[in-house]
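So that the names make sense, note that chain A is the first sequence line, chain B the second, and so on, each numbered from 1. Every heavy atom of this structure was used, including side-chain atoms; hydrogens, water molecules and symmetry mates were not.
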2 protein chains.
Amino acid sequence: MTLPQAGSEGVAARVPRSIPEASVARLAVYLRMLGELAEQGADTVSSEELAAATGVNSAKLRKDLSYIGSYGIRGVGYSVSALVHQLERALGLNHRQAVALIGVGNLGHALAGYGGFGGRGFPVTALFDVDPDLVGIHINGILVEHVRAIGDTCRERGITIGMIATPGPAAQGICDMLVEAGVRCILNFAPVVLQVPDEVEVRKVDLAVELQILAFHVARKRLVAESPETEASLAVPATDVDVVPPPDAQTNGHPVNSTLNGGMR
Amino acid sequence: MTLPQAGSEGVAARVPRSIPEASVARLAVYLRMLGELAEQGADTVSSEELAAATGVNSAKLRKDLSYIGSYGIRGVGYSVSALVHQLERALGLNHRQAVALIGVGNLGHALAGYGGFGGRGFPVTALFDVDPDLVGIHINGILVEHVRAIGDTCRERGITIGMIATPGPAAQGICDMLVEAGVRCILNFAPVVLQVPDEVEVRKVDLAVELQILAFHVARKRLVAESPETEASLAVPATDVDVVPPPDAQTNGHPVNSTLNGGMR
DNA sequence: AGCCGCTTGTGAAGGCACGCACAAAGTTGC
DNA sequence: GCAACTTTGTGCGTGCCTTCACAAGCGGCT
């Protein structure tokens, strides 16, 4: 998912034609699949094949690729190696991106040890935490420093991306430090919405939200399964179990909304 | 497309109307923020306040909330407790969702220990792995079972959501087992695109992709910073560092694309 | 009681993304 | 060298999502 949210606006005037955000996300997926294909010795691949392997429409795939230029050969397909190279260039992977990870607790520790990053051009180069028990230890050969060193270390090592895996309440403060240190792209795992200047890009990964979205679908499927064919009703699971008791009507005696149930005309 | 509204009025809360996927994702965010507000003792909250706190447009927020019914009070705002309750109902959180986690390696172990799940109504109820060193141990009081037990255990414990945190190559097989066991919603952390029947819902969380998207923005920002106001050219970062050497021009000497830059404009 | 100010709910418009379908361009076979 | 076939690149229609802007509704003040 993927909420564009804060700060992605405002520069609109200066960004006349860029690659659509949705396409960028897919380009990364294509790139990985191409890597696998290359390992398997594939020389070329058609949009149809690549689309099937990545689960998208082939026309969409071609349009995505067209944003980075025309590197296909009509009648044949795409050269795997050439396409890999162009994708890496377009995604900025030809520059090494040093990553800092703040918060080496439960999730952070796993992220620090996650092989999927370094292997794909994102070496985690710095680790930070506040916990005295963690500061000073090494994880995967990297020293955990105290967060107060964020500014100096990030500047020193040319950190371009920060990953925040702290508890929610600490996240904004850490974020401010990163921004202060010149980091302009942040991946936020903490369950808060970070406030940042316009020029800073924040992406949020919220595991609890992902589960809640799934829960919504579980409920929806349950309804569809139970209710006999009310095809219009894959909406709000107004479950029988729940008779909508005013949570605590005492809070304020306001009528639960007299206009029966929400002014749907 | 505007609300046909089948006649289910009179009774409380029956809103037959599908909620846009994008809205569902935001509803979950609103819900968390409302939880915090409730803790802080807030009685009511206006769309403007809640929108600011969650980083969205207030009109969008109101429209999102309108999908689950009209529970606001004009001139005042929304009752925090009432809204929390309605959101929980709409998201299906009034039913307990048992979660199974497959793959207790690096990332999986962290997910198993992540407090953010159980605390939000998603108790991780079953753990699976293939590694003999892991099968049999307990994590957070939960026994790690062998994946071959997936079918029986999931049915037995009424698992509704599966989280796959295995290495890529193993994911599809695990996925098939889950589907076979009746699980209809899957959160996939493995870097592969899962093939599932239509009735199964899969959400993918791909950390490497998230970083690559950020890397793209890093490159874009770098361009903007370096190039002095070249309005049209921040589409594809054709960086100087990279002179686009045909990775292996031998494949075919096809022209690298004369139409500069993908026929934009 | 009646008016005023505040906030919701939503119609309508604009923008973006998706997917179809086809022309262009390249390859293969004869 | 030509025809048939394959696959790319993209113009265009469609539908969803976002945003604006405002009427309707509600509480408070006089």
For this session: Mind calculating the distance between OH (A/Y71) and C1' (C/dA25) to the nearest angstrom?
Result: 18 Å
Seminar exercise, completed: A/D64 meets the side-chain hydrogen bond (donor to acceptor under 3.5 Å, both in side chains) criterion, sequence neighbours left out, with A/S23, A/R26, A/Y30
Exercise. In whole angstrom, what separates A/R26's CZ from C/dG19's C1'?
Worked result: 11 Å
Exercise. What is the distance, rounded to the nearest whole Å, between atom CG of B/L27 and atom P of D/dC17?
Worked result: 12 Å
Exercise. Where each residue is assigned the nucleotide of DNA chain C containing its nearest heavy atom, which of B/E49 and A/R62 is assigned the position nearer the 5′ end?
Worked result: B/E49
For this session: Output yes when a side-chain donor or acceptor of A/E201 lies under 3.5 Å from a complementary backbone atom of B/L214, and no otherwise.
Result: no
Exercise. Are any non-hydrogen side-chain atoms of B/K204 and B/V193 less than 4.5 angstrom apart?
Worked result: yes
Between protein and nucleotides 1-6 of chain D, what N or O pairs are separated by less than 3.5 Å?
none

Problem set entry | Rounded distance in Å - CG (A/N57) to C1' (D/dT14) | 14 Å
For this session: Grab the two heavy atoms, one from B/A90 and one from A/F216, that are nearest each other, plus how far apart they are.
Result: O-CD1, 3.2 Å
Exercise. Mind checking what makes side-chain hydrogen bond (donor to acceptor under 3.5 Å, both in side chains) contact with A/Q97, not counting sequence neighbours?
Worked result: A/T160
For this session: Check every atom of C/dT8, D/dG27, D/dT8 against the side chain of A/S47 and return the nucleotide holding the closest atom.
Result: D/dT8
For this session: Quickly work out the A/L65 CG to C/dG19 C1' distance and round it to whole Å.
Result: 16 Å
Exercise. Testing A/V200, A/I161, A/I174 for side-chain contact (heavy atoms from CB on, under 4.5 Å) with A/I186, which one passes?
Worked result: A/V200
Exercise. Can a donor-acceptor pair under 3.5 Å be found between the side-chain atoms of B/K63 and the base atoms of C/dG9?
Worked result: no
Exercise. Once you round it to whole Å, what is the distance between P of C/dG11 and OH of B/Y67?
Worked result: 11 Å
For this session: Between A/A59 and A/P20, name the one whose nearest nucleotide on DNA chain C is closer to the 5' end.
Result: A/P20
Problem set entry | Length of the CG-P vector between A/L61 and D/dT8, whole Å | 9 Å
Seminar exercise, completed: Here the distance between atom P of D/dG11 and atom NZ of A/K60, to the nearest Å, is 19 Å
Exercise. Quick one: is B/Y78 getting a side-chain N or O under 4.0 Å of the C/dG9 phosphate, OP1 or OP2?
Worked result: yes
Exercise. Less than 4.5 Å apart, any side-chain heavy atom of B/Y78 and any of B/S47?
Worked result: yes
